[in-house]
Amino acid sequence: MVYVRIAKAAYLLGISRQRVQQLLYAGRIKGAFKEGRFWQIPLLEHDMPQVIPAERGRKGTWRKRPQRATTYIHVNTSRIRDNHHKTEREPVICVREGIKERYCDKVEILGGLCTVVYSPDHPKPCGATVWIEIDPEILRRIELSNPLITQCLG
């Protein structure tokens with residue numbers, strides 16, 4: 001069985017961390033237990049924490065199934081241009097999940113096997129300030145699984 005902590009459970013349920021803590025202290029998350037200082041919350045049906053409905057009051061507004069919003073990684077070129085003239089740079093890589101939008105300078109994909117990097121202070125020899133770093137093993141697996149892609153890569 002897979003266990004997660006409060007922050008991951010809050011993300012999966014689409015509610016705040018404080019609300020998850022309230023549900024934990026009320027004993028309303030099925031199978032959750034405290035180990036030392038940290039809560040261990042099991043992922044049950046649909047790989048989601050299971051919240052026990054309250055007997056009174058309004059019905060809860062948390063997600064029952066995993067989020068299906070597509071995640072996009074977008075490089076904002078207008079911010080790159082604007083950063084040339086600024087002393088304090090703004091992040092240019094935008095990660096969009098549904099309606100949520102976050103800007104950053106580095107995005108790790110698959111636990112660091114692939115990374116999108118923005119580094120204007122240390123550009124590549126070709127002058128690139130944004131690039132994708134891929135683990136060589138992943139690149140080899142891509143080549144083996146789809147030879148058409150490797151024609152573009154090499």
Side-chain angles (χ1 to χ4, degrees), residues 1-80 82-83 88-120 128-150 152-153:
M1 185 172 292
V2 177
Y3 291 91
V4 295
R5 298 229 174 119
I6 291 175
K8 180 72 173 178
Y11 172 76
L12 291 171
L13 293 169
I15 57 178
S16 70
R17 291 170 33 193
Q18 292 82 3
R19 181 65 181 136
V20 172
Q21 284 181 322
Q22 289 174 344
L23 293 170
L24 286 166
Y25 284 117
R28 291 185 48 203
I29 297 185
K30 194 180 220 179
F33 62 93
K34 202 164 187 182
E35 189 175 274
R37 295 181 347 179
F38 302 102
W39 283 96
Q40 299 295 324
I41 302 167
L43 300 181
L44 302 171
E45 288 182 42
H46 309 291
D47 288 333
M48 295 284 289
Q50 187 131 21
V51 181
I52 301 165
E55 295 177 14
R56 314 179 293 143
R58 292 183 346 179
K59 190 175 178 182
T61 57
W62 50 83
R63 286 192 197 107
K64 310 296 188 266
R65 297 187 188 281
Q67 181 179 354
R68 297 281 180 218
T70 306
T71 301
Y72 298 96
I73 299 174
H74 169 75
V75 178
N76 191 327
T77 56
S78 62
R79 278 196 177 189
I80 292 174
D82 292 344
N83 283 344
E88 207 169 301
R89 294 189 174 98
E90 293 185 41
V92 301
I93 301 171
C94 178
V95 180
R96 291 190 176 120
E97 287 180 275
I99 60 170
K100 293 181 182 177
E101 183 176 272
R102 293 176 304 198
Y103 275 89
C104 53
D105 287 332
K106 185 177 184 180
V107 177
E108 288 189 357
I109 303 168
L110 296 172
L113 296 176
C114 180
T115 308
V116 182
V117 180
Y118 170 63
S119 180
T129 57
V130 179
W131 61 87
I132 299 173
E133 297 174 350
I134 301 175
D135 186 300
E137 178 62 26
I138 296 299
L139 194 56
R140 190 180 68 74
R141 287 184 186 177
I142 291 171
E143 289 172 355
L144 293 174
S145 67
N146 193 346
L148 294 176
I149 293 175
T150 58
C152 298
L153 298 174

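Owing to the predicted nature of the structure, the values given are computational and were not obtained by experimental measurement.
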Practice task
Evaluate side-chain contact (heavy atoms from CB on, under 4.5 Å) for Ile73 paired with Ile109, printing each intermediate quantity in order.
Solution key: CA-CA 10 Å; Ile73 299 174; Ile109 303 168; 3.7 Å; yes
Exercise for the section: Check the pair Ile80, Tyr118 against side-chain contact (heavy atoms from CB on, under 4.5 Å), reporting the backbone distance first and the verdict last. Expected result: CA-CA 9 Å; Ile80 292 174; Tyr118 170 63; 4.1 Å; yes
Completion exercise
Closest heavy-atom pair, Ala32 versus Leu24, reported as atoms and distance to 0.1 Å, is CB-CD2, 3.4 Å
Problem - Verdict with reasoning, Lys30 to Leu44, per side-chain contact (heavy atoms from CB on, under 4.5 Å) - result: CA-CA 9 Å; Lys30 194 180 220 179; Leu44 302 171; 3.8 Å; yes
Practice task
Keeping the roles fixed (side chain from Arg63, backbone from Tyr11), state whether a donor-acceptor pair exists under 3.5 Å.
Solution key: yes
Exercise for the section: Could you go through the salt bridge (Lys or Arg N to Asp or Glu O under 4.0 Å) check for Lys64 and Glu45 one step at a time? Expected result: CA-CA 9 Å; Lys64 310 296 188 266; Glu45 288 182 42; over 6 Å; no
Practice task
Check whether any side-chain heavy atom of Arg102 sits under 4.5 Å from a side-chain heavy atom of Arg96, and report yes or no.
Solution key: no
Exercise for the section: Please name the pair of heavy atoms, one in Asn83 and one in Arg89, separated by the smallest distance, quoted to 0.1 Å. Expected result: OD1-CA, 3.7 Å
Practice task
To the nearest 0.5 Å, tell me how far Thr70 OG1 sits from Glu97 CD.
Solution key: 10.5 Å
Handout entry: Greater than 12 external heavy atoms within 6.0 Å of Tyr72's OH
Key = no
Practice task
I would like to know whether Tyr3 and Glu35 meet side-chain contact (heavy atoms from CB on, under 4.5 Å); could you show each step before the answer?
Solution key: CA-CA 11 Å; Tyr3 291 91; Glu35 189 175 274; over 6 Å; no
Exercise for the section: For the pair Arg28 (side chain) and Ile52 (backbone), establish whether a donor and an acceptor sit closer than 3.5 Å, ignoring hydrogens and angles. Expected result: yes
Exercise for the section: Looking only at non-hydrogen atoms, find the nearest pair between Pro49 and Ile29 and report the distance. Expected result: CB-CG2, 4.5 Å
Practice task
Provide the closest heavy-atom pair for Val95 versus Cys104 in the form atom of the first, atom of the second, distance.
Solution key: CG2-SG, 4.3 Å
Handout entry: Side-chain donor or acceptor of Arg17 paired with backbone N/O of Ile6 under 3.5 Å
Key = no
Exercise for the section: Find the distance between CD (Gln50) and CH2 (Trp62) and round it off to the nearest 0.5 Å. Expected result: 10.5 Å
Problem - Non-hydrogen side-chain atoms of Cys94 and Glu101 separated by less than 4.5 Å - result: yes
Problem - Validation row: Ser119, Trp131 side chains within 4.5 angstrom (heavy atoms) - result: yes
Problem - Shortest non-hydrogen separation from Lys106 to Ile93 and the atoms involved - result: N-CD1, 4.2 Å
Handout entry: Min side-chain heavy-atom separation Leu23-Ile15 under 4.5 Å
Key = yes
Problem - Closest heavy-atom pair and its distance - Pro91, Asp105 - result: CA-OD1, 3.2 Å
